[in-house]
Amino acid sequence: QVQLVESGGGLVQAGASLRLSCAASGRTFRSYVMGWFRQAPGKEREFVAGISPSGSSTKYTDSVKGRFTISRDNPKNTVYLQMNSLKSEDTAVYYCAARWGNKAPRYSSEYTYWGQGTQVIVSS
């Protein structure tokens with residue numbers, strides 16, 4: 001079992017930055033692929049970014065490329081999402097997710113463990 005706890009969300013103005021954190025329990029964090037997803041009101045949950053267990057491979061959805069950066073600190077059992085140049089369309093609840101494997105899939109159904117989410121609101 002892996003428990004995930006997100007933090008770092010908040011209300012910011014367009015153009016600002018936020019860094020989300022996801023702390024994981026357990027001693028096998030370094031074996032998990034980690035992903036960030038988001039869900040805006042009335043919309044489906046969508047993939048934002050993913051990172052391999054070692055951190056050597058990352059992927060992003062097109063709308064955040066060049067603005068968001070996913071990273072992980074395995075000794076600290078934590079994955080981060082640095083979000084720069086935020087836009088109003090980035091407003092959503094952001095979720096951290098984990099699964100065994102080597103590559104980060106884009107489909108939420110392929111992740112096993114989920115956090116409770118952290119709200120990000122970007123005002124224009």
Side-chain angles (χ1 to χ4, degrees):
Q1 283 283 350
V2 176
Q3 292 186 329
L4 304 174
V5 179
E6 302 96 333
S7 62
L11 170 63
V12 297
Q13 291 188 332
S17 298
L18 278 176
R19 187 176 80 157
L20 305 183
S21 299
C22 173
S25 65
R27 295 180 290 179
T28 57
F29 176 75
R30 66 187 64 199
S31 300
Y32 286 93
V33 167
M34 301 299 296
W36 283 100
F37 287 75
R38 65 186 180 187
Q39 188 166 18
K43 295 187 176 181
E44 293 186 355
R45 192 169 297 189
E46 67 168 345
F47 174 82
V48 176
I51 189 166
S52 62
S54 68
S56 61
S57 177
T58 59
K59 63 173 65 172
Y60 300 90
T61 192
D62 286 347
S63 62
V64 308
K65 284 180 180 177
R67 300 189 298 123
F68 291 11
T69 303
I70 188 171
S71 62
R72 65 191 297 161
D73 187 334
N74 284 344
K76 293 185 178 180
N77 279 17
T78 304
V79 63
Y80 304 99
L81 186 67
Q82 177 67 44
M83 305 187 296
N84 298 330
S85 302
L86 282 161
K87 306 176 181 180
S88 57
E89 50 263 46
D90 295 318
T91 294
V93 177
Y94 283 71
Y95 298 90
C96 174
R99 60 160 283 162
W100 283 97
N102 294 317
K103 296 182 179 180
R106 297 177 181 269
Y107 300 100
S108 59
S109 59
E110 299 194 46
Y111 287 81
T112 309
Y113 303 104
W114 290 86
Q116 294 299 308
T118 184
Q119 177 76 58
V120 172
I121 301 174
V122 184
S123 63
S124 56

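This structure is a prediction, so every number in the text was calculated from the model and none was measured.
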Quick check against the 3.5 Å criterion: does T91 have a side-chain atom that pairs as donor or acceptor with the backbone of I121? no
Check: Taking the side chain from E6 and the backbone from C22, do they hold a donor-acceptor pair closer than 3.5 Å?
Finding: no
**Request:** Determine, for Y95 and R45, whether the Lys NZ or Arg CZ falls below 6.0 Å from the six-membered ring centre while staying within 45 degrees of the axis.
**Result:** yes
Q: Using atom types as modelled and distance alone, determine if a side-chain donor or acceptor of T118 lies under 3.5 Å from a backbone N or O of G9.
A: yes
Correct closest heavy-atom pair for V79 and S71 would be CG2-O, 3.1 Å
message: Please evaluate residues K59 and R106 with respect to the criterion side chain to side chain contact (heavy atoms under 4.5 Å, CB included), reporting the C-alpha separation (whole Å), side-chain torsions for both, the decisive distance (0.1 Å), and the verdict.
response: CA-CA 9 Å; K59 63 173 65 172; R106 297 177 181 269; 4.1 Å; yes
Rounded to the nearest 0.5 Å, the CG atom of N84 sits from the CZ atom of R19 at a distance of 11.5 Å
Heavy atoms of P105 and V33 approach each other most closely as CD-CG1, 4.4 Å
Discussion item. Take a 6.0 Å sphere around CD of Q116 and say whether it holds more than 12 heavy atoms from other residues, nucleotides or ligands.
Written reply: no
Interatomic distance, OG@S124 vs CD@Q13, rounded to 0.5 Å, equals 9.5 Å
Crowded around Q3 CD? As in, over 12 foreign heavy atoms under 6.0 Å?
-> no
- request: Using the six-membered ring wherever Trp is involved, compare the ring planes of W100 and Y32 and label them parallel, tilted or perpendicular (cut-offs 30° and 60°).
  value: tilted
When L11, D90, V122, V120 are each screened for side-chain contact (heavy atoms from CB on, under 4.5 Å) with L18, the one that passes is V120
Run the numbers on Y60 and I70 for side chain to side chain contact (heavy atoms under 4.5 Å, CB included), then give the verdict.
CA-CA 9 Å; Y60 300 90; I70 188 171; 3.5 Å; yes
Looking only at heavy atoms, the pair that brings G50 and A104 closest together is CA-CB, 3.7 Å
Separation between CE (M34) and CG (L81), nearest 0.5 Å, reads 11.5 Å
Closer than 4.0 angstrom, basic N to acidic O: yes or no for K65 and D62? yes
ask   = Is a side-chain donor or acceptor of N77 paired with a backbone partner of A23 at a separation under 3.5 angstrom?
value = no
- Would you kindly confirm whether V93 and Y80 end up in one hydrophobic cluster when ILVMFWY residues are joined by side chain heavy atoms under 4.5 Å apart? no
When Y94, Y107, F68, F37 are each screened for ring pair (Phe, Tyr, Trp, His ring centres under 6.0 Å) with F47, the one that passes is F37
Margin query: Side-chain heavy atoms nearer than 4.5 Å, only ILVMFWY residues, links allowed to pass through others: does that put L20 and V12 together?
Written below: yes
Step by step, work out the side chain to side chain contact (heavy atoms under 4.5 Å, CB included) result for R99 and E110.
CA-CA 7 Å; R99 60 160 283 162; E110 299 194 46; 3.3 Å; yes
Are C96 and W36 close enough, and set up right, to give a side chain to side chain contact (heavy atoms under 4.5 Å, CB included), and what steps lead you there? CA-CA 5 Å; C96 174; W36 283 100; 4.1 Å; yes
Consider only side-chain heavy atoms of I, L, V, M, F, W and Y, link residues closer than 4.5 Å, and tell whether Y111 and V2 are in one cluster.
no
Rounding to 0.5 Å, atoms CE (M83) and OG (S17) come to a distance of 9.0 Å
Minimal heavy-atom distance between P53 and G101, with the atoms involved, is CG-O, 3.2 Å
Of all heavy-atom pairs linking R38 and A92, the shortest is CB-CB, 3.8 Å
Residues N74 and S54: closest non-hydrogen pair is ND2-CA, 4.5 Å
Q. Within 45° of the axis and under 6.0 Å from the centre of the six-membered ring of F29, does NZ or CZ of R72 qualify?
A. yes
